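Keep in mind the model is a prediction, meaning the values are calculated, not measured. The analysis underlying the following values was restricted to heavy atoms, covering all of them including side chains, and did not include hydrogens, waters or symmetry mates.
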Amino acid sequence: MLSVLTACATVKLIPPAQSDVERVSSKYPGYSLTDLKSGQALFEQTCNRCHRLKNPASRDEDQWNKIVPKMIQKLNKKEGNVVIDDKQEQSILQYLVTMSGAPKPSK
């Protein structure tokens, strides 16, 4: 029974911070904390429709760039319309890539 409860547990996401935005400023010029938080919200609202959320740090940039477009394509096909458009997909990807490189929280 415990394994069932553990499998259903949600991932605790690290809250985005200005330092995360600064860390990726050369990769995403003009990127803001508002953009980062918007990407997180889309990630939380969308990705758990089909499966539990993954920790952004569980994958690297290349992996997220392969996974996210496939998952969004599956979702849009499943729903029969565009649930997530290209701009929203980019927002989710930028959030995941940014937070995949976030320093691990100290305990």
Side-chain angles (χ1 to χ4, degrees):
M1 183 68 162
L2 182 57
S3 63
V4 172
L5 293 175
T6 303
C8 294
T10 58
V11 170
K12 183 170 168 70
L13 300 173
I14 298 170
Q18 185 60 38
S19 59
D20 297 310
V21 173
E22 292 164 6
R23 193 175 70 269
V24 297
S25 63
S26 62
K27 179 182 283 297
Y28 304 126
Y31 196 52
S32 70
L33 185 55
T34 301
D35 297 329
L36 184 57
K37 288 180 178 182
S38 176
Q40 180 184 19
L42 279 168
F43 171 69
E44 290 175 334
Q45 294 164 6
T46 305
C47 299
N48 69 356
R49 292 172 83 163
C50 299
H51 55 78
R52 68 182 181 87
L53 295 178
K54 306 294 184 200
N55 184 330
S58 69
R59 311 279 191 290
D60 65 22
E61 180 176 356
D62 290 336
Q63 291 169 319
W64 284 124
N65 281 316
K66 290 176 186 171
I67 293 168
V68 171
K70 288 179 187 177
M71 293 293 105
I72 289 174
Q73 183 180 23
K74 279 182 165 182
L75 174 63
N76 288 340
K77 185 176 179 180
K78 176 182 168 186
E79 295 295 324
N81 63 342
V82 176
V83 177
I84 294 294
D85 63 26
D86 292 342
K87 185 176 178 184
Q88 292 169 315
E89 178 179 326
Q90 276 308 114
S91 181
I92 292 169
L93 268 171
Q94 288 175 330
Y95 161 72
L96 290 169
V97 168
T98 300
M99 297 311 289
S100 71
K104 307 295 182 249
S106 55
K107 296 191 180 203

Which pair of heavy atoms, one from [X] and one from [Y], lies closest together, and at what distance?
X: Ser91; Y: Gly39; answer: OG-CA, 3.2 Å
X: Met99; Y: Pro16; answer: CE-CA, 4.1 Å
X: Leu75; Y: Cys50; answer: CD1-SG, 4.3 Å
X: Ile14; Y: Gln40; answer: O-NE2, 4.3 Å

Nearest-0.5 Å distance, [atom1] of residue [X] to [atom2] of residue [Y]:
X: Gln94; Y: Leu42; atom1: CD; atom2: CG; value: 11.5 Å
X: Leu93; Y: Tyr28; atom1: CG; atom2: OH; value: 7.0 Å
X: Cys47; Y: Ile72; atom1: SG; atom2: CD1; value: 6.5 Å
X: Leu53; Y: Leu13; atom1: CG; atom2: CG; value: 6.0 Å
X: Tyr95; Y: Trp64; atom1: OH; atom2: CH2; value: 9.0 Å
X: Gln18; Y: Glu22; atom1: CD; atom2: CD; value: 4.5 Å

Subject >> Gln73 CD: over 12 foreign heavy atoms closer than 6.0 Å >> reply: no

Subject >> Over 12 foreign heavy atoms within 6.0 Å of CG, Asp86 >> reply: no

**OP:** Flag yes if Leu33 and Tyr31 sit in one hydrophobic cluster, no otherwise; membership is Ile, Leu, Val, Met, Phe, Trp, Tyr, and two members link when side-chain heavy atoms are under 4.5 Å apart.
**Re:** yes

Ignoring hydrogens and geometry, is there a side-chain-to-backbone donor-acceptor pair from [X] to [Y] under 3.5 Å?
X: Asp20; Y: Ala17; answer: yes
X: Gln88; Y: Asp85; answer: yes
X: Gln63; Y: Asp60; answer: yes
X: Arg23; Y: Thr98; answer: yes

Any [X] side-chain heavy atom under 4.5 Å of [Y] side chain:
X: Ile67; Y: Lys54; value: no
X: Arg49; Y: Lys78; value: no
X: Arg59; Y: Ser100; value: no
X: Val97; Y: Val24; value: no

Original post:
With no hydrogens and no angle check, do the side chains of Ser38 and Asp35 hold a donor and an acceptor under 3.5 Å apart?
Top reply: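 The criterion, which ignores hydrogens and geometry beyond distance, is not satisfied for Asp35 and Ser38.
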
